[in-house]
Amino acid sequence: MQDMIKRIVEADNEAKALEESNQKAAEKERQRIEQQAQAIYQQYMDDAETEIAKDATYVEKLFERKLADTTAKQESVLIKLRADFEQNRDKWVDEIVSRVID
């Protein structure tokens, strides 16, 4: 009977040791998975930041080109308006005076 109780106690101790070992292994695995998930997340974020930087550069260059085009068009229109004004100023003044007087 003593022998049987001793074997039961030993089996219980072995089961407790095995359970503790399994818990430690599960915790190590959970930590490994967490670290791996964090590494994947960080890589994803780094890639996203790189892509955003590329896109920002592209958009900035596109904006600068469109701004330059718009500025050039505005300059062209301004030059034409000034030329029209210089060419027609006297005519327009005479016409306005004529309409006011008549």
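- In this structure, D69 does not pair ionically with R65, as no charged nitrogen and carboxylate oxygen lie closer than 4.0 Å.
- The main-chain N or O of A53 is found under 3.5 Å from a side-chain atom of T57 such that the two form a donor-acceptor pair.
- For the atom pair T71 OG1 and E64 CD, the distance stands at 11.5 Å (nearest 0.5 Å).
- Sorted by first and then second residue, the side-chain hydrogen bond (donor to acceptor under 3.5 Å, both in side chains) pairs involving residues 32-48 (not counting sequence neighbours) are E29-R32, R30-E34, R32-Q36, Q42-D46, Q43-D47.
- For the pair E51 and K54, the salt-bridge criterion is met [side-chain N within less than 4.0 Å of a carboxylate O].
- Taking all atoms of both residues into account, the shortest heavy-atom contact from F85 to W92 is CA-CZ3, 3.9 Å.
- The backbone N or O of A17 sits nowhere less than 3.5 Å from a side-chain atom of S21 that would complete a donor-acceptor pair.
- In this structure, CD1 in I40 is found 10.5 Å from CD1 in I33, a value given to the nearest 0.5 Å.
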**OP:** Take R99 and E95, measure what salt bridge (charged side-chain N to carboxylate O under 4.0 Å, His left out) needs, and give me the verdict at the end.
**Re:** CA-CA 6 Å; R99 286 185 182 185; E95 190 172 320; 2.8 Å; yes
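- Atoms NZ and CD, from K28 and Q31 in turn, are 9.0 Å apart once rounded to the nearest 0.5 Å.
- Each of V93 and I96 belongs to its own hydrophobic cluster when Ile, Leu, Val, Met, Phe, Trp and Tyr are linked at side-chain heavy-atom distances under 4.5 angstrom.
- You'll find the side chain of M4 reaches within 4.5 Å of the side chain of I8, heavy atoms only.
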**OP:** For side-chain contact (heavy atoms from CB on, under 4.5 Å), just list the numbers for L78 and Q74, CA-CA rounded to whole Å, side-chain angles, deciding distance to a tenth of an Å, and then say yes or no.
**Re:** CA-CA 6 Å; L78 182 60; Q74 287 176 342; over 6 Å; no
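- Once rounded to the nearest 0.5 Å, the distance linking CD of E20 with CG of N22 reads 10.5 Å.
- A distance of 13.0 Å separates CG of D84 from CZ of R89, quoted to the nearest 0.5 Å.
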